[in-house]
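Here the structure is laid out as structure tokens; the discussion comes afterwards.
All ligand and atom numbering here is 1-based and tracks the order in the structure.
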Amino acid sequence: MCQPLPGILDDPSRRGYGSPVLIRGGRVVDVDGDRSADLRVGADGRVAELAPSIPASPGEEVVDAGGRLVVPGGVDAHTHLQLPVGRVRSSDDFASGTAAAAVGGTTTVVDYVTAYRGEDPLAALATWQRWAEPAAVDVGLHMTFTEAVPEATVAACVERGVTSFKLYMAYPETLQVDDGVILDVMRSAGRHGGLVTLHAENGSAIETLRRRALAEGRTGVVEHSRTRPAALEGEAVARAGVLAELAGTPVYIVHVSSAPALAAVRAARERGVQMLAETCPQYLHLSADELAGPEGEDFVCTPPLRDPWHQEELWQGLADGSVHTVATDHCPFTSADRRSGVRARESGWRDFTEIPGGLPGIETRMALVWEGVSAGRIGVADWVRLCSEAPARTFGLWPEKGSLRPGADADVVVWDPAAVQSLDATALHMRTDHSPYAGHRALGWPRLVLSRGRVVARDGNFVGEAGWGRYRPRRPRPGARG
Ligand code: MN
């Protein structure tokens, strides 16, 4: 859907790392401002120079970015690539998922390792690092604990560049930990410069609602959202705020999906708790109405899609700064796996609890948040901050990522606000056969995407290679006591 631009790095031999590139005449937007400037990418894959006017050197590739934005590559701080879920697995691996990310303007992903109960978290980390080797853009990893851990484990993760720790307040059978464990991990993480990220839903109350629905024969897809009401998300966020206050640490709430949850975030922040909130494009653009449709299975994610009015509240939260980042929770499945269910039954899922939850989104995030810029809900600088700068800072990747300052990684997106891109599955690169945004044409898409100075996507096509991405250890937060 993206027509090629003549003159933009047409020569495939010039794509590589090591050939300096001068991006001229673009509107450069990053933390240092919004201005017309030229940007030189050095042969070392870093930003070499950023100035109002830079004369081209002999033999240097020149990209005309007139009429386009030049922004730091997106940082998606919440993905689940090749994640095992019951007897199925999320359908993008690190190669396909990061290629799709690159096409959509995201040049760093931070994926969640899960250490299941009884598993050694460091062994799980080693597994994920191996899985991540074919990545096409840079990768960081978060750690998920599903039971209490000694402080030494937290410290060992931080040493390996894993400085954020996810805990679930939901899914009692497999993932949930109790409030005591949350408090304990918050304190351990705080001592070593780590940050706790929380999936905030009241899992035990939800479990009761789910059991009651099944007992009453309510088994359809819509029960997924009915048994996970927004009030129980709000309650968990409020409780998370109290725990963070007691621990004296910041806390990051993943995938805030509803107005009650956002209200709880604001309340915590107002009384001085350092609470950071993430939302995802699906909560900004989709509603629970989709679950009642003929393809309802394709819209199951957790927290569930909400009634449409919550979207407006979340956009407000992005505009006023109470929502800090936008990530994807990218966790795609094929239509077949959604319909066979997590127990992989040939006859299909028997009730809504067997449908694998998660949506594709790693490729479409930048465009779907950009729609808020087009609609006047947020500014261009907000878009850069929410999608790139804030996640890079929060998760210890700043200023190599999320910034265009000289010395930063040359992860650069030349964004064309006039490019039209179909969001049908066939027009995208994520490894799944359906799209939650089918039929939608996005206005705004990358023309050119560089990862550490190398062109990895151009005009809607992936031109990078598997294995180009590097594992990026992340720094602990300043002020750690450990
Ligand atoms: Mn997730």
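At least one N/O/S atom of His78, whether from backbone or side chain, sits less than 2.8 Å from the Mn ion (ligand 1). Residue His80: an N/O/S atom is found under 2.8 Å from the Mn ion (ligand 1).
Side-chain atoms of Thr394 and His324 form a donor-acceptor pair, as typed in the model, at a separation below 3.5 Å. Side-chain polar atoms of Arg306 and Ser257 form a donor-acceptor pair below 3.5 angstrom. Judged purely by distance below 3.5 Å, without hydrogens or angles, the side chains of His192 and Glu151 pair a donor atom with an acceptor atom. Under the 3.5 Å distance criterion, with hydrogens and angles disregarded, no donor-acceptor pair is assigned to the side chains of Thr302 and Glu201.
No other N/O/S atom of Asp329 lies as close to the Mn ion (ligand 1) as OD1 does.
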